Student: 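Next up is a structure, given as structure tokens.
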Amino acid sequence: MLRVLGFESSCDETGVALVEVPKGGQGVPKLVGEALHSQIAMHQAYGGVVPELASRDHIRRVLPLTREVLAQSGLTLQHVDVVAYTQGPGLAGALLVGAGVAVALAAALGKPSLPIHHLEGHLLSPFLSADPPEFPFVALLVSGGHTQLMRVDDVGQYEILGETIDDAAGEAFDKSAKLLGLPYPGGPHLAKLAQQGDAGAFELPRPLLHSGKPDFSFAGLKTAVLTQVKKLGAAPSEQQRADLAAATQAAIVEVLVKKSMLALKETGLKRLVVAGGVGANALLREQLNAACAKRAVRVHYPELQLCTDNGAMIAMAAALRLQRGLAAPDTDGSFAVRPRWDLSTVAGAAS
Ligand code: KG4
Ligand code: ZN
């Protein structure tokens, strides 16, 4: 049995988790402990993540969370074989906390450490569900900072089919929500307000919808929402706000669904995996389910609470890499974080 302790601290969530890799390398690794602290309440007062506050809070939370994970799993640090951590992309100071703790812990235990790409964690998070996907598949990665469609042939084999040329889908949700006076992070709040709204009440653009390529652009949508907010004036009615929220959500979801179908068609694959925070959106799930059912495509989502950032996905990505001999854990106690890091450059990064 190989045990991997994973740390996530790239943004505003501190996540720690412990995963067990079965003997002989067969079967899906199992999550045996998990703890998470979200800083959302702390950043809400500022309308967004304050990097310095994020780093300091990660420092406060990371060791208590680690103790919680060990207590949950009935194990001690001596049982840990590899310590994994998010190396990037993300906020430099925040990443340094998780990386520093992970590498120091590994050195103290005389065990190796293993850097993991945050988006690979998201991408592989559906392997934590009861019904894990099989390779190959198309992945729709929709988080606060990234929007990408990928062809995934195996762990470490990622081909980017298309991505956003400006804002990410989560950013489009968050920025539009801010314009509607909703708290940070806006995605779930906008989705909630949209439940009372009529998406047809406003006409909003669907940028690049007909480009014929699986690429995205959301900056224009945000500008269109701003124009509508200005038109509504200083005191829009609750119904008008709900209508605009519904129209915004509908525009983002329509583009995501259409481009996902295009990527499936281009690759000829019959399996779609959705990952990242926006993957929690109910309308997106509903419309993807309908579109995939029509085309006999199986669609997989991570468990709802594993859509947003967490430690389990980092420990799982590390475990899957180790299982396949795709990881070269570090043993020299040195480390560097990568605030900007393209996932396709880790593709197939075999030892
Ligand atoms: O993956 P994630 O936790 O962090 C990044 O790696 O960026 O994604 C966070 C993003 C935020 O933009 C948030 O507003 C969005 O996911 N989000 C949602 C929902 N839940 C989270 N967007 C729309 N609907 C939701 N239910
Ligand atoms: Zn994330």
Side-chain angles (χ1 to χ4, degrees), residues 6-15 17 36-40 43-44 47-49 51 54 85-91 94-95 98 116-126 128 139-148 163-164 167-180 182-195 197 216 218 221-222 225 245-246 248-257 273-288 301-314 316-317 338-341 343:
F7 290 95
E8 156 62 33
S9 71
S10 66
C11 190
D12 56 352
E13 260 98 26
T14 321
L36 183 77
H37 175 77
S38 170
Q39 304 176 354
I40 284 176
H43 295 296
Q44 229 155 30
V49 177
Y85 61 95
T86 304
Q87 187 179 31
L91 301 169
L95 288 165
I116 291 293
H117 194 294
H118 179 79
L119 295 181
E120 183 171 49
H122 275 302
L123 201 61
L124 301 177
S125 59
L128 288 156
L140 172 67
L141 195 61
V142 271
S143 71
H146 295 84
T147 300
Q148 291 176 333
E163 58 190 330
T164 181
D167 291 354
E171 227 175 327
F173 268 107
D174 294 344
K175 288 179 175 171
S176 304
K178 201 168 187 175
L179 293 170
L180 283 162
L182 295 167
Y184 168 85
H189 293 281
L190 188 143
K192 190 155 181 258
L193 180 61
Q195 283 173 1
F216 306 89
F218 290 108
L221 177 63
K222 170 196 62 195
V225 173
T248 306
Q249 177 175 246
I252 298 170
V253 167
E254 185 183 340
V255 175
L256 294 176
V257 173
V273 164
V274 184
V278 181
N281 185 269
L283 184 74
L284 177 65
R285 288 186 175 215
E286 191 186 305
Q287 296 202 359
L288 278 177
Y301 306 95
E303 310 292 322
L304 263 188
Q305 74 278 11
L306 295 177
C307 279
T308 44
D309 293 349
N310 62 83
M313 67 185 196
I314 300 305
M316 178 55 104
R338 299 188 187 195
R340 290 182 164 273
W341 188 12
L343 181 58

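In listed order, ligands and their atoms are each counted from 1. Numbers here simply count residues along the sequence, with the first being 1. Worth saying up front: this structure is predicted, and the values here are computed from it rather than measured.
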Student: Does the N or O separation between P185 and ligand 1 drop below 3.5 Å for any pair?
Tutor: no
Student: Less than 4.5 Å apart, any side-chain heavy atom of L123 and any of L343?
Tutor: yes
Student: Select the closest option to atom 23 (C) of ligand 1 among L190, V142, N281, L182, judged by heavy-atom distance.
Tutor: N281
Student: Going by heavy atoms in the side chains, are E303 and S125 under 4.5 Å from each other?
Tutor: no
Student: Search all heavy atoms of C11 against all heavy atoms of V49 and return the closest pair with its distance.
Tutor: SG-CG2, 4.1 Å
Student: Would you call G145 a ligand 1 contact, heavy-atom distance under 4.0 Å?
Tutor: yes
Student: Would you say E13 has any N or O atom under 3.5 Å from an N or O of ligand 1, going by distance alone?
Tutor: no
Student: Using heavy atoms and a threshold below 4.0 Å, how should the contact between H118 and ligand 1 be classified: side chain, backbone, both, or neither?
Tutor: side chain
Student: What atoms of ligand 1 come closer than 4.0 angstrom to any heavy atom of G170?
Tutor: 12 (O)
Student: Within ligand 1, which atoms have a heavy atom of T308 less than 4.0 Å away?
Tutor: 3 (O)
Student: Please report which non-hydrogen protein atom sits nearest to atom 9 (C) of ligand 1, along with the residue it belongs to and the distance in Å to one decimal place.
Tutor: G144 N, 3.7 Å
Student: Keeping waters out of it, list the protein N, O or S atoms under 2.8 Å from the Zn ion (ligand 2).
Tutor: H118 NE2, H122 NE2, D309 OD1
Student: Do any N/O atoms on A282 end up under 3.5 angstrom from N/O atoms on ligand 1?
Tutor: no
Student: Enter the distance from I252:CD1 to F218:CZ here, rounded to the nearest 0.5 Å.
Tutor: 6.5 Å
Student: Does some side-chain heavy atom of H118 sit less than 4.5 Å from a side-chain heavy atom of D309?
Tutor: yes
Student: Hey, can you tell me if Y184 and H43 have their rings parallel, tilted or perpendicular (30° and 60° cut-offs)?
Tutor: perpendicular
Student: Answer whether the closest heavy-atom distance between the side chains of T147 and L256 falls below 4.5 Å.
Tutor: yes
Student: Suppose we measure from atom 22 (N) of ligand 1 to each protein heavy atom; which comes out shortest, and what is that distance?
Tutor: G187 CA, 3.5 Å
Student: Under 4.0 Å from any heavy atom of H122, which atoms of ligand 1 are there?
Tutor: 1 (O), 6 (O)
Student: Applying salt bridge (charged side-chain N to carboxylate O under 4.0 Å, His left out), can you list everything that pairs with E13, at least two apart in sequence or on another chain?
Tutor: none
Student: Run the numbers for me: atoms of ligand 1, each under 4.0 Å from some heavy atom of D174, listed by number.
Tutor: 11 (C), 12 (O), 13 (C), 14 (O)
Student: If you measure every N/O of E171 against every N/O of ligand 1, is any gap under 3.5 Å?
Tutor: no
Student: Working to the nearest 0.5 Å, report the span between CG of N281 and CD of Q249.
Tutor: 4.5 Å
Student: Report yes if G186 has an N/O atom closer than 3.5 Å to an N/O atom of ligand 1; otherwise report no.
Tutor: no
Student: Heavy atoms, side chains only, cut-off 4.5 Å: are L128 and P302 in contact?
Tutor: no
Student: Who passes salt bridge (charged side-chain N to carboxylate O under 4.0 Å, His left out) against E171, sequence neighbours left out?
Tutor: K175
Student: Considering only heavy atoms, which of D12, D309, L141 lies nearest to atom 2 (P) of ligand 1?
Tutor: D309
Student: Just do the side chain to side chain contact (heavy atoms under 4.5 Å, CB included) check on I116 and E8 with the steps written out, would you?
Tutor: CA-CA 9 Å; I116 291 293; E8 156 62 33; over 6 Å; no
Student: Do E163 and H146 meet the criterion of a side-chain donor-acceptor pair at a distance under 3.5 Å?
Tutor: no
Student: Apply salt bridge (charged side-chain N to carboxylate O under 4.0 Å, His left out) to K222 and list each qualifying residue two or more places apart in sequence or on a separate chain.
Tutor: D167
Student: Would you indicate which of G277, A191, C307 comes nearest to atom 20 (N) of ligand 1 when only heavy atoms are counted?
Tutor: G277
